[in-house]
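These numbers come from a predicted model, not from an experiment.
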Amino acid sequence: AYSALDIAVGVLSEFKMFEGKLYSPAQGWGNPLAYAGISPTEEGVTWSVRLIDESAKVPISKVKEKDLVALFALMQAEEDSLVDDDDGQPFYDSMMDWVDADDEEREEGAEDDYYEDLEYPYFTPGKKINSFEEFRMIKGFAHDPEDPDRSGIFFDAQGIETVNMKNFRESFSFFNQGSVNVNNASPFLMRFLCGDDDRLYEEFMDGPTTGNGEGFYTNPNDPAMMPLRANSSLAMSTSVTMFRVEVTVNRGMANF
């Protein structure tokens, strides 16, 4: 596994050395093991490397309240139904009560008094969320049989992740604290950054205004990015600044 990691880092370093910056897997570094042409020597062993561009996600700690409220309201709304931004406020308030150090409950949030009354009681940690699984514990994000219409946007009644959780996981990061690399941002995130403006989304997805011969942006000041910046307060870039690498090695039924 660590040999595969070394190969992945070596491939990325090679591309960065020759091209100056890493923009998108379309440059050729998306499958580093295939590029290097190296495979395990031990029979029956397989390996894989997945490169996750954490810089293509929004830093959770830097999203403004109005944006998260609007996002949660969109997730709460049924398909083809009108979105009421007020529907997102309880989720935001519960999330903020979970991370703040005080015990003052926000208007539509939940503090220790709420969680202590549950069948299996626990307390709010009073610190930043550092795992997507933590949302299972926060009021409203997991299914609540006593309030099914105002809960379950991330986990359903069976505890299975909803499409909202999948989109949130692919679009927001606990690790990235810098700008967002628009080249590798998820379609869901790009629509979020475009403010659900279909025209803006389609124009941006058409590719760079200044032709670079590639299907990705290399110039952070490309004219196509100007309306995107005007539509969002988040810092945006066109290059990778942070990777999370997932390495999997299998031998029979065993894996690492």
Tyr2 reachable from Val245 in the ILVMFWY side-chain graph, under 4.5 Å edges: yes
Single-linkage hydrophobic cluster Phe175~Ile52, side-chain heavy atoms < 4.5 angstrom: no
Glu107 CD: over 12 foreign heavy atoms closer than 6.0 Å: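 Check fails, neighbour count at 12 or below.
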Minimum heavy-atom distance between Met190 and Tyr201, given as atom pair plus value: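 Reported closest heavy-atom pair: CB-CE1, 3.7 Å.
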Less than 4.0 angstrom from a charged side-chain N to a carboxylate O is my criterion; do [X] and [Y] meet it?
| X | Y | result |
| --- | --- | --- |
| Arg150 | Asp147 | yes |
| Glu246 | Arg244 | yes |
| Arg106 | Glu111 | no |

Pair Ser171, Ser186: side-chain N/O donor-acceptor within cut-off below 3.5 Å: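 A pair is found: one side chain offers a donor N or O, the other an acceptor, under 3.5 Å apart.
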Donor + acceptor pair across side chains of Thr124, Asp112 (<3.5 Å):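 Yes - a donor-acceptor pair under 3.5 Å links their side chains.
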Would you mind writing out the side-chain donor-acceptor pairs for residues 32-48 within the sub-3.5 Å range, not counting sequence neighbours?
residue, atom, partner, partner atom, Å
Tyr35, OH, Glu14, OE2, 2.7
Glu42, OE2, Arg251, NH1, 3.0

Test: Lys128 cationic atom under 6.0 Å from Phe174 six-membered ring centre, within 45° of axis: no
Main-chain N/O of Glu108 paired to Asp93 side chain as donor or acceptor, under 3.5 Å: yes
For Trp98, the option from Tyr115, Phe91, Tyr92 that meets ring pair (Phe, Tyr, Trp, His ring centres under 6.0 Å):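 Considering Tyr115, Phe91, Tyr92, a ring pair (Phe, Tyr, Trp, His ring centres under 6.0 Å) with Trp98 is found only for Tyr115.
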Qualifying residues under salt bridge (Lys or Arg N to Asp or Glu O under 4.0 Å), relative to Asp198, sequence neighbours excluded: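 For Asp198, the residues satisfying salt bridge (Lys or Arg N to Asp or Glu O under 4.0 Å) (neighbours in sequence not counted) are Arg191.
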Separation of Glu54 CD from Phe172 CZ (nearest 0.5 Å): 13.0 Å
Gap separating the NZ atom of Lys62 from the OG atom of Ser179, nearest 0.5 angstrom: 8.5 Å
Is there a side-chain contact between [X] and [Y] (heavy atoms, below 4.5 Å)?
| X | Y | value |
| --- | --- | --- |
| Gln89 | Glu65 | yes |
| Ile129 | Ile138 | yes |
| Thr238 | Asn219 | no |

Verdict with reasoning, Phe168 to Phe188, per ring pair (Phe, Tyr, Trp, His ring centres under 6.0 Å): CA-CA 8 Å; Phe168 194 80; Phe188 177 84; 8.5 Å; no
Aromatic plane relationship, Tyr23 with Phe216 - under 30° parallel, 30 to 60° tilted, over 60° perpendicular: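 Answer is parallel, since the angle falls under 30°.
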